Protein chains: 2
Amino acid sequence: MKRIADSTVRRLSIYLRFLEGSSQRDLATVSSAELARHGGTTSAQVRKDLSFFGSFGKRGLGYSVPELTNSIRDILGLGREWNVIIVGAGKIGTALAQYHGFRPRGFHVVGVYDTDIGKVGTRWDGIVVRDFSLVTADLASRPVDIAVLAVPAEGAQEAANRLVDAGVKAILNFAPTQLQVPPDVAVRSVNMAMELEGLSYELSSRAR
Amino acid sequence: MKRIADSTVRRLSIYLRFLEGSSQRDLATVSSAELARHGGTTSAQVRKDLSFFGSFGKRGLGYSVPELTNSIRDILGLGREWNVIIVGAGKIGTALAQYHGFRPRGFHVVGVYDTDIGKVGTRWDGIVVRDFSLVTADLASRPVDIAVLAVPAEGAQEAANRLVDAGVKAILNFAPTQLQVPPDVAVRSVNMAMELEGLSYELSSRAR
DNA sequence: CCTACTTTGTGAATACTTTCACAAGCCCCG
DNA sequence: CGGGGCTTGTGAAAGTATTCACAAAGTAGG
């Protein structure tokens with residue numbers, strides 16, 4: 001299958017978010033122009049994005065909201081449950097563990113880990129923080145699809161190594177570090193410093 | 001001045017992060033190949049990225065770590081202090097307000113806001129949470145460069161509108177919504193759901 | 001000072017993404 | 001049931017970004 005651009009996948013996510021809102025507002029169909037307006041792109045882009053995966057609309061009418069919603073969920077692999085663990089029970093890890101946007105999208109938080117003995121054993125929302133050194137054994141009995149890495153920059157690479165050894169195939173990295181992982185492991189990074197610097201650049205370059 | 005690609009700016013951020021680490025390790029010079037290896041790209045890419053802004057290296061030798069660090073800081077507009085406010089004192093807002101990566105990079109958190117009266121008046125790290133309805137008046141007397149938006153999706157657009165009216169020119173959006181703002185306002189979004197869905201897509205498409 | 005070696009800076013080539021533009025298909029109404 | 005009006009799906013064109021490849025410029029060592 002042809003490789004799909006990252007930018008296309010991100011936009012599908014955006015369309016999906018809008019569609020979920022639309023179904024609550026009882027809209028039956030939506031046009032590529034409407035999707036574009038709310039997704040910050042063009043109607044041609046919307047149609048091209050979808051065309052990589054098939055043909056979902058009706059000419060003259062647009063897209064059925066429930067049908068397109070399901071199709072995009074399918075494309076993104078959201079038709080199943082994904083097991084997720086959170087590594088690092090600091091401020092960000094804590095906020096993430098309590099974030100209620102995981103469940104409804106099929107991401108199931110099955111564990112929280114930390115190396116700090118002081119944090120191990122505390123619990124939020126029914127999830128007990130476990131010692132990170134147990135992660136390899138835990139994952140051997142219950143496989144996990146995605147690990148969310150919320151540890152300080154210094155420990156991030158080492159933690160990632162251990163997760164990869166334990167069989168994790170996808171990491172969402174919140175540490176401000178560029179992780180080195182084998183090619184069969186997917187990594188996405190969320191880097192506050194990078195985003196702020198991007199804004200700083202835009203503000204500075206506009207002043208010129 | 002020619003428009004610089006977003007991807008280039010992001011990579012500059014990555015190079016900068018590596019350079020900051022290198023100077024601690026007392027490295028005097030660094031080659032484009034080394035920067036590439038740690039930044040997950042190629043040496044030609046590194047050189048091309050830098051070439052948009054000038055000529056910073058010495059042929060046969062590489063780049064001086066302190067000099068290149070300063071040059072990139074300059075390019076990114078980090079040679080000054082930026083005033084930042086955080087809007088939304090929920091879990092994510094709280095975690096961000098206490099994040100200690102802001103200061104050393106010149107981002108100065110000068111205020112935290114929320115609409116919830118129960119939260120107004122509480123304080124962390126010496127910053128008192130203020131009523132969001134005061135933000136327009138506050139910004140009139142003390143301008144702010146960047147607003148970090150950490151409110152639920154439902155209120156995000158409305159909050160953004162008010163910030164734009166109050167003169168904010170850059171928003172870092174943590175709400176899972178596509179904000180509509182005037183073209184002279186810079187927006188970057190950090191969207192957990194989108195990143196998780198991206199990983200979900202990669203995991204699913206690989207299985208094929 | 002000369003030779004061998006390294007690494008930058010950059011046009012040109014390639015690869016990838018987005019936009020254009022329009023035929024084809026579908027709905028609706030008379 | 002046929003024509004007008006929309007909107008999709010998609011090749012082709014335009015626009016961006018990345019990679020290649022090599023001359024130019026520097027270092028190092030005798």
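Bear in mind the structure is a predicted one, so any value in this text is a computation, not a measurement. Throughout, protein chains are lettered first and strands after them, A, B, ... in sequence-line order, and every chain is numbered starting at 1.
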Which donor-acceptor pairs under 3.5 Å do side chains of residues 167-181 of chain A form with protein atoms, sequence neighbours excluded?
| residue | atom | partner | partner atom | Å |
| --- | --- | --- | --- | --- |
| A:Lys169 | NZ | A:Asp184 | OD2 | 3.2 |
| A:Asn173 | OD1 | A:Ala175 | N | 2.9 |
| A:Asn173 | ND2 | A:Ala175 | O | 3.1 |
| A:Asn173 | ND2 | A:Thr177 | O | 3.0 |
| A:Asn173 | ND2 | A:Ser189 | OG | 3.3 |
| A:Gln180 | NE2 | B:Arg37 | O | 3.4 |

Original post:
With a 4.0 Å cut-off, would you call A:Glu202 and A:Arg206 a salt bridge?
Top reply: yes
**OP:** Take the protein atom CZ of B:Arg10 and the nucleotide atom C1' of D:dT16, then report the distance between them rounded to whole Å.
**Re:** 17 Å
Cut-off 3.5 Å, no hydrogens considered: what does the side-chain donor-acceptor table look like for residues 50-63 of chain A, sequence neighbours left out?
| residue | atom | partner | partner atom | Å |
| --- | --- | --- | --- | --- |
| A:Ser51 | OG | A:Lys48 | O | 2.7 |

Subject >> Atom-pair distance (CG on B:Asp6; P on D:dG15), nearest Å >> reply: 20 Å
Original post:
Would A:Gln45 and A:Asp49 count as having a side-chain donor-acceptor pair, cut-off 3.5 Å?
Top reply: yes
**OP:** Using atom CG of B:Asp49 as one end and atom P of D:dT16 as the other, report the distance to the nearest whole Å.
**Re:** 17 Å
**OP:** Go along nucleotides 4-13 of chain D 5' to 3' and tag each nucleotide: B for a protein heavy atom under 4.0 Å from its base, S when only backbone or sugar atoms are that close, - otherwise.
**Re:** --BBBBBBB-
Subject >> Side-chain H-bond candidate by donor/acceptor type, B:Asn191 with B:Glu195, under 3.5 Å >> reply: no
Original post:
Just to confirm, is there a sub-4.0 Å distance from OP1 or OP2 of D:dT19 to any side-chain nitrogen or oxygen of B:Thr42?
Top reply: yes
Original post:
NA contact type, A:Arg3, heavy-atom cut-off 4.0 Å: base, sugar-phosphate, or nothing?
Top reply: nothing
**OP:** Give me the ring orientation class for B:Phe102 and B:Phe107: parallel if the planes are under 30° apart, tilted from 30 to 60°, perpendicular past 60°.
**Re:** perpendicular
Subject >> C:dT19 phosphate, OP1 or OP2, under 4.0 Å from A:Gln45 side-chain N/O >> reply: yes
